Peer 1: 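Input: one structure, supplied below.
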Amino acid sequence: MKTGFYPGFAFSGIRKNKRLYVPYLLTCIGAVMMFYILNSLSRFMTTSGSFGGGATGSLLELGTWVMGFFSLIFLFYTNSFLIRRRKKEFGLYNVLGMGKGNIARILLWETVILLTAALAVGLGLGIALSKLFELGLGRIIRMENLDHVLRVNGRAVLLTVVVYGVIFFLIYLNSLRQIHFGSPVELLRGENLGEKPPKANWLVALLGVVLLAAAYHLAVTIEDPILAMTWFFVAVLLVIAATYLLFIAGSVTLCRLLQKCKGYYYKASHFVSVSSMAYRMKRNGAGLASICILATMVLVIASTTVSLYSGIEQNLAERYPRELNIELVNYKPGTEEDLRREQEILRSAVMEQLEKRGLKPENIMEYRASSTTGVFRDKTFLLNEPDTLSNAAITGTLMLIPLDAYNSLTGSQETLKPGEALIKNYRMDYQPSELTVAGHTYALRRLPDGQVSGGESLTYLVGTVYLVVPDYEEAARDLHQAQMEADTGLTGMRWHFNFDLDASEEERNAIMSDAFHTFWEDESIRNSGCSVTVDSREANRQDYYGLYGGLLFLGAVLSVVFTAAAVLIIYYKQLCEGYEDQARFAIMRKVGMTDREIRRSVNSQMLTVFFLPLLAAGVHLTFAFPMLTKILALMNMMDRNWLLLMTAASFLVFGLFYLAVYRLTSNTYYKIVVSRPEQE
């Protein structure tokens with residue numbers, strides 16, 4: 001054969017099937033573009049040296065590989081539509097004398113053409129738009145001093161070429177497999193294979209119901225945030241499996257029930273659509289399940305990332321009620337007196353540096369506390385408890401606070417009798433009438449709502465129980481001794497000194513540096529085993545924006561990608577089914593069905609199954625909401641009403657977009673089925 005025969009034949013095949021290949025090629029271009037952008041941004045953020053850049057870079061690196069893995073699965077899935085549609089064409093080539101090897105060469109050149117176009121255009125757009133995405137990300141995470149120089153990341157380009165080269169090579173091998181093992185007759189009938197009407201499988205449907213019930217049960221019954229995060233991914237896998245089983249088996253059953261309903265089935269607008277769906281429901285159900293899963297992912301990602309980002313300032317205000325937060329910890333047992341001496345030395349050193357600079361601290365918050373993590377079981381706090389999966393055992397942090405410190409902190413005048421204590425829960429549901437801690441048993445009185453400490457409980461991954469006790473020194477010492485015996489790690493007795501200060505970040509750093517220098521000059525302090533940390537709201541603001549802003553950016557990118565994937569599945573589903581139904585509607589037209597009746601039949605089919613994925617996604621999201629609130633609580637997102645509002649808004653916006661896609665794809669399907677087969 002002449003040189004250029006196979007490339008020309010391959011290009012001609014793509015051009016003649018442009019209705020199939022153009023959306024597929026656009027998808028490949030978009031995937032390449034987003035993979036390069038995410039990878040180049042992750043490398044830039046990791047090496048930028050800015051606060052929050054490391055966290056953002058790690059998130060984007062994770063997003064890069066999520067994008068690559070999703071591309072592998074999704075491009076395989078969409079390519080199956082192309083091969084199924086073209087099997088008849090390849091079978092005709094085979095009958096006319098073209099061998100399987102010749103067809104393999106045509107497929108190879110088609111793969112090379114598509115890969116080259118995807119890489120050339122995708123990388124070109126990725127490089128051209130990378131600076132725009134970089135500036136957008138910088139604005140989201142409040143990253144300063146960004147320049148406007150367009151950079152090309154060579155490593156990101158190379159990785160993109162390698163990843164998508166491997167993906168296209170695997171797709172090519174899969175296409176060869178389907179062509180090689182198919183006889184000419186099977187290839188000629190490729191579009192019609194598998195159209196034997198499946199039987200309703202009640203066992204599969206029942207298994208789907210059981211798996212879905214198990215996932216929903218996990219979502220609504222788990223109270224511990226740590227367990228919620230651990231079991232969330234298990235619940236996700238259960239929901240995915242159940243969704244596919246129910247859509248495949250359940251949709252077959254639905255068609256059978258509709259066919260038995262004579263008043264519904266024997267109508268011109270329903271007869272063709274229901275009988276057509278029954279012949280290909282296995283593929284139809286899998287496609288609908290994929291749309292449902294993608295829609296659920298978009299809704300979960302959009303609602304959670306927007307909620308987290310919009311609540312940054314509120315989280316900062318709760319975590320740091322004062323601008324400067326100084327913490328002194330002494331880990332030695334029985335050191336309450338030593339801690340008092342150390343805190344006086346540190347306070348004096350800080351106040352001395354402030355006076356030297358003519359600065360005055362405002363809104364001073366000073367208190368002592370002792371905290372440790374364990375398990376609350378019934379009316380006892382345990383440091384070692386293996387059975388944390390039981391509903392009766394809740395992992396949490398216990399924070400002991402002296403009564404005088406609580407009254408000074410809150411402006412209260414509470415009094416306690418021996419054996420009494422005040423209790424308040426934070427991010428956990430635990431309401432005993434009494435509590436035993438390290439041999440001390442207290443009758444409990446509930447504290448009113450309001451912040452008890454300086455906000456450090458927000459940094460704990462588990463909930464917190466504040467316990468205000470009259471015998472703090474003895475209780476803290478015994479708790480410390482119990483920690484040593486249990487070998488759980490020591491948290492020590494703490495003194496917190498927090499205040500607001502009208503000064504620049506550089507000036508605050510200088511004050512703390514000089515104060516710490518004075519504090520550590522004392523030899524008794526150096527040998528005391530204590531430690532001092534300082535934290536400020538402003539110093540952590542960039543870290544918050546880097547983490548939550550990175551999540552928002554990545555969430556927006558993945559939401560767009562998953563939405564585009566759902567749209568493409570819908571498009572190919574309608575396109576392939578339109579070609580398959582074209583002959584059936586042509587026959588019905590010959591026996592008297594009008595174009596208006598065809599339109600009504602198309603609408604009936606669309607409405608019967610098209611909105612099921614959206615409805616199921618809404619149900620999934622509703623049951624996932626309790627678990628999502630607990631997981632977000634670990635990230636200091638405590639406003640349940642705001643999360644509910646963002647979830648409802650996400651569902652409304654996505655629903656409107658879904659409706660628009662329905663209108664467009666139903667028109668595509670209708671245009672195919674009303675046209676003459678020979679026109680296509």
Side-chain angles (χ1 to χ4, degrees), residues 51-52 55-56 139-144 225 303-327 350 359-367 369 371 397 399 401 405-406 408-412 424-428 447-466 494-509 511-512 533-552 628-646:
F51 289 108
T56 307
R139 185 175 182 84
I140 290 174
I141 67 175
R142 298 193 176 185
M143 188 176 179
E144 299 178 355
S303 58
T304 53
T305 55
V306 171
S307 297
L308 284 171
Y309 185 79
S310 60
I312 288 179
E313 291 300 329
Q314 180 181 350
N315 288 340
L316 282 169
E318 292 178 357
R319 170 63 184 92
Y320 304 101
R322 304 294 187 272
E323 176 58 41
L324 275 173
N325 304 270
I326 304 172
E327 182 184 59
V350 172
L359 299 173
K360 183 178 181 180
E362 299 177 349
N363 303 321
I364 295 177
M365 176 188 291
E366 181 179 355
Y367 62 97
S371 64
T397 297
M399 181 172 287
I401 300 177
Y406 170 77
S408 174
L409 183 67
T410 62
S412 304
K424 182 181 184 304
N425 300 340
Y426 183 74
R427 297 199 305 194
M428 64 184 295
L447 282 172
D449 292 337
Q451 191 158 348
V452 179
S453 67
E456 64 275 4
S457 294
L458 290 175
T459 63
Y460 303 146
L461 293 178
V462 293
T464 303
V465 169
Y466 297 102
R494 302 168 182 270
W495 172 67
H496 298 266
F497 185 43
N498 307 335
F499 54 87
D500 289 329
L501 187 65
D502 185 13
S504 65
E505 184 69 17
E506 292 77 10
E507 194 168 15
R508 285 195 295 266
N509 291 338
I511 292 170
M512 292 299 103
T533 58
V534 61
D535 215 354
S536 73
R537 185 190 307 148
E538 189 60 36
N540 286 275
R541 176 171 273 108
Q542 188 60 51
D543 286 337
Y544 270 69
Y545 276 97
L547 176 60
Y548 294 163
L551 284 172
L552 178 65
L628 291 176
T629 58
K630 295 177 181 63
I631 294 174
L632 292 186
L634 297 177
M635 304 181 72
N636 303 333
M637 173 60 197
M638 302 300 298
D639 195 339
R640 184 187 181 95
N641 292 332
W642 181 249
L643 176 60
L644 181 61
L645 178 62
M646 291 297 100

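Note that this is a predicted model, so its numbers are computed, not measured.
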Peer 1: Should Leu628 and Arg640 be marked as a side-chain contact (heavy atoms from CB on, under 4.5 Å) after you check the CA-CA gap, both sets of side-chain angles, and the distance that decides it?
Peer 2: CA-CA 10 Å; Leu628 291 176; Arg640 184 187 181 95; over 6 Å; no
Peer 1: Given side chains that start at C-beta, do those of Thr464 and Tyr466 come closer than 4.5 Å, heavy atoms only?
Peer 2: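 They are in contact (side-chain heavy atoms under 4.5 Å apart), so the answer is yes.
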Peer 1: Is there a side-chain contact between Leu632 and Leu308, using heavy atoms and a 4.5 Å cut-off?
Peer 2: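 The answer is yes; the side chains approach within 4.5 Å.
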Peer 1: For the residue pair Tyr544 and Tyr320, does the interplanar ring angle fall in the parallel (under 30°), tilted (30 to 60°) or perpendicular (over 60°) class?
Peer 2: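 Taking Tyr320 first and then Tyr544, their aromatic rings stand perpendicular (interplane angle over 60°).
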Peer 1: Using side-chain heavy atoms (C-beta onward) and a distance below 4.5 Å, is Arg541 in contact with Leu316?
Peer 2: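 In short, these two side chains touch, coming nearer than 4.5 Å.
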Peer 1: Donor-acceptor check, side chain of Gln542 to backbone of Ile141, threshold 3.5 angstrom: yes or no?
Peer 2: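 Checked: pair present.
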Peer 1: Which heavy atom in Met365 sits nearest to a heavy atom in Pro321, and how many Å separate them?
Peer 2: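 Met365 and Pro321 have their closest heavy atoms at CE-CG, 4.2 Å.
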Peer 1: What's the shortest heavy-atom distance between Ile401 and Ala369, and which atoms?
Peer 2: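 Result for this residue pair: CG1-CB, 4.3 Å.
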Peer 1: So if I apply the side-chain contact (heavy atoms from CB on, under 4.5 Å) rule between Ile326 and each of Asp535, Val350, Thr533, which one comes out positive?
Peer 2: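 With Ile326 as partner, Asp535, Val350, Thr533 yield a single side-chain contact (heavy atoms from CB on, under 4.5 Å), made by Val350.
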Peer 1: Distance-only, no hydrogens or angles: does the Arg322 side chain make a donor-acceptor pair with backbone N or O of Asn363 under 3.5 Å?
Peer 2: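 Side chain of Arg322 to backbone of Asn363, a donor-acceptor pair under 3.5 Å: yes, one is there.
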Peer 1: How close do Thr305 and Leu551 get, heavy atom to heavy atom, and via which atoms?
Peer 2: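 Shortest heavy-atom separation between Thr305 and Leu551 comes out as CG2-O, 3.4 Å.
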Peer 1: Which value, rounded to the nearest 0.5 Å, describes the distance between Ile364 atom CD1 and Leu324 atom CG?
Peer 2: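 Answer for the CD1-CG pair, Ile364 versus Leu324, is 11.5 Å.
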Peer 1: Any chance you could measure Glu362, atom CD, to Asp502, atom CG, to the nearest 0.5 Å?
Peer 2: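 Reported to 0.5 Å precision, the distance equals 7.0 Å.
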Peer 1: So which heavy atom on Ser307 is nearest to which on Ser303, and how close?
Peer 2: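 Looking at all heavy atoms of both residues, the closest pair is OG-O, 2.7 Å.
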Peer 1: Without swapping roles, check the side chain of Asn540 against the backbone of Asp543 for a donor-acceptor pair under 3.5 Å.
Peer 2: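 Side chain of Asn540 to backbone of Asp543: no pair is present.
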Peer 1: Given the rule in the side-chain contact (heavy atoms from CB on, under 4.5 Å) test, do Thr397 and Val465 qualify, once you have shown the distances and angles that lead to the verdict?
Peer 2: CA-CA 6 Å; Thr397 297; Val465 169; over 6 Å; no
Peer 1: Are the side chains of Leu547 and Thr56 in contact, using a 4.5 Å heavy-atom criterion?
Peer 2: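 When only atoms from C-beta onward are counted, Leu547 and Thr56 do not touch, as no gap falls below 4.5 Å.
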Peer 1: In Å, rounded to the nearest 0.5 Å, how long is the span from CG of Asp639 to CE of Met646?
Peer 2: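 One finds 10.0 Å between CG of Asp639 and CE of Met646.
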Peer 1: May I ask you to decide if Ile140's main-chain N or O and Tyr309's side chain share a donor-acceptor pair within less than 3.5 Å?
Peer 2: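 Such a contact is found between Tyr309 side chain and Ile140 backbone.
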Peer 1: Would you say the side-chain atoms of Glu323 pair up with the backbone N or O of Glu538, donor to acceptor, closer than 3.5 Å?
Peer 2: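 A pair under 3.5 Å: yes.
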Peer 1: Could you state the interatomic distance from CH2 (Trp642) to CD (Gln314), rounded to the nearest 0.5 Å?
Peer 2: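 It is 10.0 Å, given to the nearest 0.5 Å.
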Peer 1: Hey, does Glu507 have a side-chain heavy atom less than 4.5 Å from the side chain of Leu359?
Peer 2: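 Yes, their side chains come closer than 4.5 Å.
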Peer 1: Any heavy-atom pair between the side chains of Leu643 and Thr629 that's under 4.5 Å?
Peer 2: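 Contact flag for Thr629/Leu643 side chains = yes.
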Peer 1: Begin from the C-alpha positions of Met512 and Ser536 and carry the test side-chain contact (heavy atoms from CB on, under 4.5 Å) through to its verdict.
Peer 2: CA-CA 11 Å; Met512 292 299 103; Ser536 73; over 6 Å; no
Peer 1: Got a donor-acceptor contact below 3.5 angstrom from the Arg508 side chain to the Ala503 backbone?
Peer 2: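 Yes, Arg508 side chain to Ala503 backbone: donor-acceptor pair under 3.5 Å.
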